[in-house]
2 protein chains.
Amino acid sequence: MTTSPPRRMRADARRNYERLLTEAAAVFAERGVDASLEDVARRAGVANGTLYSHFPTRQALLEALLRSSMENLAATARELRDHPSAYEALVTWLRAAIVHTTAYRGLAAPMMRSLKDETSELYAACQAVLAGGEALLSRAHAAGAIRADATPEDLYALVNAVAWAGEQTSPEQGERLLTFSLDGLRPT
Amino acid sequence: MTTSPPRRMRADARRNYERLLTEAAAVFAERGVDASLEDVARRAGVANGTLYSHFPTRQALLEALLRSSMENLAATARELRDHPSAYEALVTWLRAAIVHTTAYRGLAAPMMRSLKDETSELYAACQAVLAGGEALLSRAHAAGAIRADATPEDLYALVNAVAWAGEQTSPEQGERLLTFSLDGLRPT
DNA sequence: GAATTATATTGAGACAGCCTCAAGTTTGGC
DNA sequence: GCCAAACTTGAGGCTGTCTCAATATAATTC
């Protein structure tokens, strides 16, 4: 029933929880976030009911899987506040966010939809990403490096759209789209 | 077995073909391109085998469904070649392409993937769209209205990415992304 | 270290969707 | 009106999601 990081779980439960996460990472990496959950359970060597009891929804599983990399992303944002160039700091972070979103095929869509959906298990994580970008954006705004009407939500959408385009075609195509958009985000 | 526009079909087959298209349009409009095909068959009042015999794959159905609007898009491109402003002509057409891609939820992904996939039933249609943009782009290039390194594929990716972003969040967010990108596509 | 209790796991089962194909039905030409 | 060709049917095999009563295991208590 729990989705939180293992708290006072029974030893077997904890073992299965970890094993499920490990195998889910592998399966999602191979087949994307829409991969069969039966497959995940099979590979983890447990019955599917066990998977559902640990992770009631696919998003809950995804959330647990992404937690640490999300935290890394937030930490990176914090570090970049000290970067000499406000603009470069922002761009570097945006690229990191895109890499994060490219971890599993099909991840961009839930990331995008969960930003405004409070009922989503990914909601908090998405908001954290938004906040990370927000800090760097306002610094870039202050430095006059980014057009004034660009919002954090714009950047969030951009990151996901670029990640999506990249996974549908090629990372290079995503990169090209990013280049154009970033140029369009310079002050007029 | 046929997917082409009704040619010498038996009367009942033709009736069912049309009916399936009509209902598919309705169902896809309601639930997006990943809607249940069983649903389409049910609503058309035929067995699912009939649907599969007319449209062997979901993409074949989609192709038949999109054919006329694709042709409109190509026609629009031709008309716009005479527009006084090469830049405005291009932007107008890009907007039309985005509207087209927003016809059904989930359409952007197959449009994007089929551009380079010759085995896709949507391949020809996607190539036609690409060609439509290509003509307007080269005119804009000649007029010095668009940066020289922008390719037709870039515009194609942009259209789909914007349509995707718009359907995941809001059309307004898509519009904002488009604005930034278009600014970034001006010559440097 | 056995009994008790709380916690987990199991896997069958209900359901939906995809797709196929042998059997049956309908149409249209003669 | 008959017949071959064209078309439709729907049960059935498959995969996948999700639930829940029965069962098993770990932790706690005495």
Side-chain angles (χ1 to χ4, degrees), chain A residues 1-24 26-28 30-64 104-106 109-110 119-121, chain B residues 1-24 26-28 30-64 104-106 109-110 119-121:
Chain A
M1 206 57 112
T2 173
T3 286
S4 323
R7 271 178 58 87
R8 300 244 156 233
M9 277 179 170
R10 238 170 62 173
D12 55 347
R14 185 176 190 119
R15 224 175 18 244
N16 288 333
Y17 180 95
E18 302 292 1
R19 188 84 198 279
L20 281 166
L21 273 187
T22 305
E23 296 303 325
V27 171
F28 284 6
E30 273 173 35
R31 305 209 191 288
V33 301
D34 294 321
S36 156
L37 296 184
E38 301 251 314
D39 231 36
V40 173
R42 251 193 306 273
R43 284 174 58 159
V46 301
N48 57 9
T50 300
L51 187 156
Y52 285 104
S53 99
H54 282 293
F55 308 101
T57 67
R58 185 181 295 270
Q59 289 214 333
L61 176 53
L62 207 45
E63 193 276 333
Y104 307 117
R105 244 179 315 133
T119 71
S120 166
E121 282 96 339
Chain B
M1 205 54 112
T2 173
T3 287
S4 324
R7 271 176 59 85
R8 301 244 156 233
M9 274 179 174
R10 239 169 61 173
D12 54 347
R14 186 179 189 116
R15 223 175 20 245
N16 287 334
Y17 180 95
E18 303 292 2
R19 188 85 200 279
L20 281 165
L21 273 186
T22 305
E23 295 303 325
V27 172
F28 284 7
E30 272 173 36
R31 306 209 190 286
V33 302
D34 294 321
S36 157
L37 296 184
E38 302 252 321
D39 230 35
V40 173
R42 251 192 307 273
R43 284 174 57 158
V46 301
N48 57 8
T50 301
L51 187 156
Y52 285 105
S53 98
H54 282 294
F55 308 101
T57 66
R58 184 180 295 270
Q59 288 213 334
L61 176 54
L62 208 45
E63 194 275 333
Y104 306 117
R105 243 178 317 133
T119 71
S120 167
E121 283 96 339

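In this text the structure is predicted, and so the values were computed from the model without any measurement. Chain letters run A, B, ... following the sequence lines, proteins first, then strands; residues in each count from 1.
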Student: Contact class for Asp39(B) vs. all strands (heavy atom < 4.0 Å): base, sugar-phosphate, or nothing?
Tutor: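 Here Asp39(B) touches no strand at all.
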Student: Let me know the distance between CG of Leu51(B) and P of dC18(C), rounded to the nearest Å.
Tutor: 9 Å
Student: Quick check for you: among dT27(C), dC18(D), dG17(C), whose closest atom lies nearest to any side-chain atom of Glu38(B)?
Tutor: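 Side chain of Glu38(B) sits closest to dG17(C).
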Student: Find the distance Arg8(A):CZ to dA26(D):P and express it as a whole number of Å.
Tutor: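 My rounded result for the distance is 18 Å.
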Student: Measuring from atom CG of Asp39(A) to atom CZ of Phe28(A), what distance do you get when rounded to the nearest 0.5 angstrom?
Tutor: 10.5 Å
Student: Nearest 0.5 Å please: distance from the CG atom of Leu61(B) over to the CZ atom of Arg58(B).
Tutor: 8.0 Å
Student: Of the nucleotides dC18(C), dT26(C), dA8(C), which has the atom closest to the Asp12(A) side chain?
Tutor: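 From the listed options, dA8(C) comes nearest.
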Student: Find the distance Met9(A):CE to dA8(C):P and express it as a whole number of Å.
Tutor: 7 Å
Student: Of all the nucleotides listed (dC19(C), dG11(C), dT27(C)), which has the minimum atom distance to the side chain of Leu37(B)?
Tutor: dC19(C)
Student: For the pair made of CD in Gln59(A) and P in dC18(D), what is the distance, rounded to whole Å?
Tutor: 11 Å
Student: Looking at every strand, decide which applies to Thr50(A) at a 4.0 Å heavy-atom threshold: base, sugar-phosphate, or nothing.
Tutor: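 Base contact.
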Student: Can you check the Phe55(A) CZ to dT17(D) C1' distance for me, whole Å?
Tutor: 17 Å
Student: For the CD atom of Glu38(B) and the CZ atom of Arg42(B), what is their distance to the nearest 0.5 Å?
Tutor: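 So the CD of Glu38(B) and the CZ of Arg42(B) are separated by 6.0 Å.
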Student: Could you state the atom-to-atom distance from NE2 of His54(A) to P of dT19(D) in whole Å?
Tutor: 16 Å
Student: Closest approach to the side chain of Asn16(A), judged atom by atom: which nucleotide of dT9(C), dT10(C), dC7(D) is it?
Tutor: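 Looking only at heavy atoms from C-beta outward on Asn16(A), the closest nucleotide is dT9(C).
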Student: Which nucleotide wins on minimum distance to the side chain of Tyr52(A), given the candidates dC18(D), dA26(D), dG28(C)?
Tutor: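 In terms of side-chain proximity for Tyr52(A), the closest of dC18(D), dA26(D), dG28(C) is dC18(D).
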Student: Counting just side-chain N and O atoms, does Arg10(B) come under 4.0 Å of either OP1 or OP2 of dG28(C)?
Tutor: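 Result: no.
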Student: Looking at the side chain of Ala13(B), which of dT8(D), dT27(C), dT9(C) is the nearest nucleotide?
Tutor: dT8(D)
Student: For Arg31(A), does the CZ atom sit with more than 12 other heavy atoms under 6.0 Å from it, leaving out its own atoms?
Tutor: no
Student: Taking Thr50(A) for the side chain and Val46(A) for the main chain, is one N or O donor matched with an acceptor at less than 3.5 Å?
Tutor: no
Student: Looking at Arg42(A), I'd like to know whether one of its side-chain N or O atoms comes within less than 4.0 Å of OP1 or OP2 on dG16(D).
Tutor: yes
Student: Both Asp34(A) and Gly49(A) contact DNA chain D. Which one's nearest nucleotide lies toward the 5' end?
Tutor: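 Result of the comparison: Asp34(A).
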Student: Within the pair Ser36(A) and dT17(D), is there a side-chain N or O less than 4.0 Å away from OP1 or OP2?
Tutor: yes
Student: Go through dT9(C), dA26(D), dC19(C) for me and flag the one nearest to the Asn48(B) side chain.
Tutor: dC19(C)
